[in-house]
Peer 1: 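Dropping a structure here in structure tokens format, bear with me for questions.
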Amino acid sequence: MQQHGGHCKLQQYICTAVSPAAHVLQGIQPEVRTYNTIITACNKSGKPEQGLKIYERMVAAGVKASATTYTALISAYGKQGMVEKAMEIFAGGRGYCGSCT
């Protein structure tokens with residue numbers, strides 16, 4: 001895989017091969033950086049709704065979110081037209097950032 005173009009190809013693969021990128025997470029105990037990478041890849045591939053599903057899976061797995069997670073979520077919600085939800089996260093509403101690492 002080429003260094004420059006390879007990153008885009010990886011992002012496209014993650015979010016189009018299997019919805020919602022579940023194949024990437026099967027059989028491993030992902031940590032926050034793994035989830036962040038997948039959420040961001042989904043956003044950049046034009047599939048922010050899949051990134052939001054991955055976030056839900058992250059929460060269910062008990063993985064603590066980071067500031068990077070919230071940045072990716074704000075982007076995903078914004079791309080879905082869910083501006084109020086994005087602003088809630090930005091403002092720290094409903095304790096979203098209480099668990100930031």
Side-chain angles (χ1 to χ4, degrees):
M1 207 178 274
Q2 297 173 339
Q3 182 131 3
H4 178 67
H7 184 68
C8 291
K9 288 179 184 177
L10 176 60
Q11 289 175 348
Q12 184 178 21
Y13 172 76
I14 288 172
C15 283
T16 59
V18 176
S19 179
H23 68 286
V24 176
L25 300 176
Q26 288 180 351
I28 61 171
Q29 294 286 342
E31 48 130 38
V32 69
R33 287 182 292 183
T34 306
Y35 283 107
N36 290 343
T37 299
I38 295 170
I39 292 167
T40 300
C42 290
N43 289 343
K44 290 183 178 184
S45 296
K47 300 192 184 276
E49 69 283 353
Q50 290 184 1
L52 296 173
K53 289 179 184 177
I54 294 296
Y55 172 71
E56 290 170 5
R57 187 172 177 164
M58 179 180 134
V59 170
V63 176
K64 281 188 169 183
S66 68
T68 302
T69 308
Y70 293 108
T71 300
L73 288 174
I74 290 167
S75 176
Y77 282 122
K79 288 179 180 182
Q80 287 292 303
M82 300 171 74
V83 178
E84 283 186 34
K85 192 76 166 171
M87 292 303 293
E88 274 182 30
I89 293 169
F90 179 76
R94 296 191 186 165
Y96 281 108
C97 288
S99 63
C100 284
T101 57

Peer 1: Let me see the working for Thr69 and Lys64 under side chain to side chain contact (heavy atoms under 4.5 Å, CB included), right down to the final yes or no.
Peer 2: CA-CA 9 Å; Thr69 308; Lys64 281 188 169 183; over 6 Å; no

Peer 1: How close do Ala72 and Thr40 get, heavy atom to heavy atom, and via which atoms?
Peer 2: CB-OG1, 3.8 Å

Peer 1: Name all residues meeting the salt bridge (Lys or Arg N to Asp or Glu O under 4.0 Å) criterion together with Glu31; count only those two or more places apart in sequence or in a different chain, and write none if there are none.
Peer 2: Arg33

Peer 1: Which heavy-atom pair separates Asn36 from Ser66 by the least distance, and what is that distance?
Peer 2: ND2-OG, 3.0 Å

Peer 1: Could you grab the distance from atom CE of Met87 to atom CD1 of Ile74, nearest 0.5 Å is fine?
Peer 2: 8.5 Å

Peer 1: Can you see which heavy atom on Pro30 is nearest to which on Val63, and at what distance?
Peer 2: O-CG2, 3.9 Å

Peer 1: Show the nearest heavy-atom pair for residues Gln50 and Cys42, with the distance to one decimal.
Peer 2: CB-SG, 4.0 Å

Peer 1: Please round to the nearest 0.5 Å and tell me the distance separating atom CD of Glu49 and atom CE of Met82.
Peer 2: 11.5 Å

Peer 1: Sequence neighbours excluded, which residues qualify as side-chain contact (heavy atoms from CB on, under 4.5 Å) partners of Leu52?
Peer 2: Leu73, Ala76, Tyr77, Gln80

Peer 1: Between atom OH of Tyr55 and atom CD1 of Ile38, what is the distance when rounded to the nearest 0.5 Å?
Peer 2: 15.5 Å

Peer 1: What distance do Thr71 atom OG1 and Asn43 atom CG have between them, rounded to the nearest 0.5 Å?
Peer 2: 10.5 Å

Peer 1: Search all heavy atoms of Tyr35 against all heavy atoms of Arg57 and return the closest pair with its distance.
Peer 2: OH-O, 4.1 Å

